[in-house]
> 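Pasting a structure below so you can have a look.
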Amino acid sequence: SQQGEEDPQALSIQEGENATMNCSYKTSINNLQWYRQNSGRGLVHLILIRSNEREKHSGRLRVTLDTSKKSSSLLITASRAADTASYFCATPPGGSNTGKLIFGQGTTLQVKP
Amino acid sequence: DGGITQSPKYLFRKEGQNVTLSCEQNLNHDAMYWYRQDPGQGLRLIYYSQIVNDFQKGDIAEGYSVSREKKESFPLTVTSAQKNPTAFYLCASSSRRTASSGANVLTFGAGSRLTVL
């Protein structure tokens, strides 16, 4: 089962531009996470936002969460060619604390130099 | 350096064969997970284990088996019953502290790519 769905599926921008990716989910959550995956590699955790938070920053990353719309967005500012990767949102199913995470299908970002 | 080691990185299997993918972590994490990723797709949970000698099925457990005899190790066997095993397999782990707090952050290995010939 897929809890999160990312939009768009693919995004191509020029270096220096901002990139925005969106994630929608279905059930109540206590947190939402974003991960990054370089081609053919494992995923790397980027940022976690809790359900009682509306916005969170980490370096060039800005994440927002709207629990009323069951959606989140990831903004990468001043993108670099090294930001080229796939980005996934992930949530615990039904707000559980079993440790499981359900991942969306991801947004593939290409940053052209 | 602490981390998760998956091996082999690439594996080829003939139809009808069982293969085992290794996953070892030295992070002292209690929980470990196996995910499958198909091209252009997200991750789907195969099995997970929150403590030694205990594991639970994920969303797509059919055709797979696991064991958790040691805290550091969580091997995945892809059996001949798995009809379409060609995929990228990712192992992950997390600490019980973050899992029980509801903010479970996963650390991933580099993955193993299995191809059926």
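So that the names make sense, note that chain A is the first sequence line, chain B the second, and so on, each numbered from 1. Just so we're clear, the structure is a prediction, and the values are computed from it rather than from any experiment.
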> What part of B/Leu106 gets closer than 4.5 Å to chain A, counting heavy atoms only: side chain, backbone, both or neither?
both
> Would you say the side chains of B/Arg36 and B/Tyr64 form a donor-acceptor pair under 3.5 Å?
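Note: B/Arg36 and B/Tyr64 side chains meet the donor-acceptor criterion.
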> Of all heavy-atom pairs between B/Gly109 and B/Leu90, which one has the smallest distance, and what is that distance?
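B/Gly109 and B/Leu90 have their closest heavy atoms at O-CD2, 3.8 Å.
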> With only heavy atoms counted, which part of A/Gln37 is less than 4.5 Å from chain B, the side chain, the backbone, both or neither?
side chain
> Is B/Gln56 in contact with chain A via its backbone, its side chain, both, or neither, using a 4.5 Å heavy-atom distance?
neither
> What are the two closest non-hydrogen atoms of A/Ser73 and A/Asn22, and how far apart are they?
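Closest approach of A/Ser73 to A/Asn22, heavy atoms only: CB-OD1, 3.5 Å.
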> When you look at A/Tyr35 and A/Phe103, which way does the ring pair (Phe, Tyr, Trp, His ring centres under 6.0 Å) test go after all the steps?
CA-CA 9 Å; A/Tyr35 287 78; A/Phe103 288 80; 5.4 Å; yes
